[in-house]
Amino acid sequence: MTAVKYELIKVCKQSGARLGRVHTPHGVIETPAFMPVGTQATVKTMSPEELKTMDAHIILSNTYHLFLRPGHDIIGRAGGLHKFMNWDRPILTDSGGFQVFSLSDMRKITEEGVQFRSHLNGDKLFLSPEKAMEIQNALGSDIMMAFDECPPYPAEYDYVKKSLERTTRWAERCLNSHARPHDQGLFAIVQGGMHKDLRIQSAKDLTSMDFPGYAIGGLSVGEPKHLMYDVLDYTVPELPAGKPRYLMGVGSPDALIEGSIRGVDMFDCVLPTRIARNGTTMTSQGRLVVRNAKYAEDFGPLDPECSCYTCQNYSRAYIRHLLKADETFGIRLTTYHNLHFLLQLMRDVRQAIMEDRLLDFRDDFFTKYGLFDNDKGF
RNA sequence: GGAGGGCUAGUGAAGUGGCUAAACACGGCAGACUGUAAAUCUGCUCCUUCGGGUUCGGUGGUUCGAAUCCAUCGCCCUCCA
């Protein structure tokens with residue numbers, strides 16, 4: 001008996017995208033899905049109640065950050081992460097593998113694991129596949145991620161190959177040390193950089209083991225968009241149809257659509273919440289930097305087509321004022337809107353798949369968003 | 001009436017003869033942000049037809065050269081009468 005199961009509902013006749021459900025111990029995720037990121041056991045500035053009103057099905061949290069602070073032992077004694085943070089829907093925990101990449105100047109990688117220096121106080125710490133599983137077991141996430149290495153872009157072929165092979169061995173160690181497969185699912189992570197043969201090798205090696213889901217990592221690390229789409233084009237077909245596919249770290253609106261078209265079921269990204277805190281919003285007409293002076297007397301909503309709490313009640317001028325005055329309510333309003341925007345986008349994508357018109361939907365969306373001549377995508 | 005102190009770019013504030021169109025901070029304007037060391041970071045912020053032009057309370061001097069020295073006027077602050 002496995003904790004996480006994928007149910008395929010239908011395939012879009014026009015695009016090949018999948019409409020489905022991921023069943024987890026804390027409920028069902030309708031896919032394709034966007035997962036807001038709550039690294040430190042909170043989606044920055046949002047309460048769980050607010051996340052529910054925008055209908056987020058699942059959120060992310062992070063092994064490395066919670067290991068450092070407050071400590072997985074404390075969260076374990078609190079009764080697990082769900083109880084600790086008052087979120088009763090599914091949680092996916094990243095393994096800390098991405099921190100191996102983003103905190104690269106403070107770590108040393110060996111076959112056994114990774115020696116880290118804490119970014120908080122410089123403490124020497126060690127993370128390994130077994131340790132990452134122990135931590136995620138204590139957190140009690142619905143979906144755990146295997147401990148991987150996310151190589152930078154660009155990277156040497158030989159290094160990427162060695163790295164992916166180690167990531168595969170680490171995945172196997174994760175599987176073997178998985179303490180509670182009955183109530184926590186474990187996803188493996190395909191690596192291989194921008195190299196077709198390496199991606200296929202990684203996917204084949206990992207799918208030869210029985211993980212309840214597969215992620216594609218190592219993308220959205222600075223490479224051009226078309227390269228990422230190429231990787232998806234030849235990687236996704238290597239993944240089993242009966243299991244969920246998760247594209248890690250991707251969250252610009254265009255990439256969510258393009259990823260769905262290529263058969264991806266789950267996405268996560270800090271982009272909507274981070275740019276919200278820095279004054280940029282996503283709207284049906286494209287990105288809108290509401291902090292800019294030109295909105296000082298714009299009394300309309302961020303997005304005239306948006307039904308979210310922010311857009312129903314507050315103007316661009318007011319939000320700009322709050323942001324300029326460093327009032328926390330301002331970043332709460334933009335964060336709420338951006339998350340709602342992406343969650344609504346995924347609802348629209350699912351509807352379009354249901355009606356076999358996802359390619360049409362993409363073209364309409366891109367035209368309005370002004371994306372056809374924009375490689376950035378948000 | 002007397003004695004001191006001060007007046008520098010939008011604001012605050014360095015600078016007390018050349019390396020100063022003038023530090024720094026704030027404010028302002030823009031940009032970046034993709035499994036969150038990010039409510040963060042970066043750039044610009046006197047004018048300009050990019051050659052240059054005009055600045056440091058006003059005016060007049062000294063000097064090869066002044067925000068910096070002198071004189072004078074104005075305004076502000078403190079203390080003594």
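In the text below, chain A, chain B and the rest are named by the order of the sequence lines, each starting its count at 1.
If you take CG of A:Asn292 and P of B:rA32, they are 10 Å apart, rounded to a whole angstrom. Atom pair A:Leu103:CG and B:rA37:P shows a separation of 6 Å (rounding to whole Å applied). The distance between atom NE2 of A:His337 and atom P of B:rA39, rounded to the nearest whole Å, is 20 Å. When rounded to the nearest whole Å, the span between OH of A:Tyr153 and C1' of B:rU34 equals 15 Å. A:Asn278 places its CG atom 12 Å from the P atom of B:rA38, with the value rounded to the nearest Å. Nucleotide B:rU36 holds its C1' atom 13 Å from the CG atom of A:Leu339, rounded to whole Å. Per the geometry, CZ belonging to A:Phe98 stands 12 Å off C1' belonging to B:rC33, to the nearest Å. We find that CE of A:Met145 is positioned 11 Å from P of B:rU36, with the value rounded to whole Å.
For A:Gln99 and B:rU36, the shortest distance from a side-chain N or O to OP1 or OP2 is below 4.0 Å. Contact between the side-chain N/O atoms of A:Ser220 and the OP1/OP2 oxygens of B:rU34 is not found at any separation under 4.0 Å. Residue A:Thr280 places none of its side-chain N or O atoms closer than 4.0 Å to OP1 or OP2 of B:rC33. For A:Arg274, a side-chain nitrogen or oxygen approaches OP1 or OP2 of B:rU34 to under 4.0 Å. OP1 or OP2 of B:rC29 has at least one side-chain nitrogen or oxygen of A:Lys324 nearer than 4.0 Å.
Using a 4.0 Å heavy-atom criterion, one finds that A:Ile189 contacts the bases of the nucleic acid, with or without backbone contacts as well. Counting any heavy atom pair closer than 4.0 Å across all strands shown, A:Ile331 reaches a base atom. Among the atoms of the strands shown, only primed sugar atoms or phosphate atoms (P, OP1, OP2) are found under 4.0 Å from some heavy atom of A:Arg320. When heavy atoms are screened at a 4.0 angstrom cut-off, A:Thr45 is found touching no nucleic acid atom at all.
The base-pairing partner of B:rG43, taking Watson-Crick or G-U wobble contacts with both distances under 3.5 Å, is B:rC29. When both pairing distances are held under 3.5 Å, B:rU20 makes no Watson-Crick or G-U pair with any nucleotide shown. Pairing of B:rG1, defined by two Watson-Crick or G-U wobble distances under 3.5 Å, is identified with B:rC80. Checking B:rU55 for Watson-Crick or G-U wobble geometry (two distances, each under 3.5 Å) identifies no partner in any strand.
Under the 90° criterion around 0 for the glycosidic angle, B:rA37 counts as syn. In this structure B:rG52 sits in the anti conformation; its chi angle is more than 90° from 0.
Within the structure, salt bridge (Lys or Arg N to Asp or Glu O under 4.0 Å) pairs that include any residue of residues 319-341 of chain A comprise A:Glu50-A:Arg332 (at least two apart or interchain).
Comparing atom distances between the A:Ser252 side chain and each of B:rG35, B:rU34, B:rC33 picks out B:rU34 as nearest.
B:rA14 and B:rU8 have their P atoms separated by 11 Å, with the value rounded to a whole Å.
Between the side chain of A:Ser102 and the base of B:rU36, no donor-acceptor pair of N or O atoms lies under 3.5 Å.
A residue-by-residue look at A:Asp268 and A:Glu327 shows that A:Asp268 has its nearest nucleotide of RNA chain B further toward the 5' end. Between A:Asp326 and A:Ala146, the residue anchored closer to the 5' end of RNA chain B is A:Ala146, taking for each the nucleotide with the nearest heavy atom.
One finds the CD1 atom of A:Ile331 at 10.0 Å from the NZ atom of A:Lys44 (value rounded to the nearest 0.5 Å).
A side chain to side chain contact (heavy atoms under 4.5 Å, CB included) with A:Gln201 holds for exactly one of A:Leu206, A:Val190, A:Leu164, A:Thr168; it is A:Leu164.
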Next on the checklist: A:Asn176 vs A:Glu130, test: side-chain hydrogen bond (donor to acceptor under 3.5 Å, both in side chains). Steps then yes/no.
Outcome noted: CA-CA 9 Å; A:Asn176 292 335; A:Glu130 292 76 16; over 6 Å; no
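For an aromatic pair to be called close, the ring centres must be under 6.0 Å apart, and A:Phe116 with A:Tyr64 satisfies this. Residues A:Tyr295 and A:His321 place their aromatic rings such that the two centres sit no closer than 6.0 Å.
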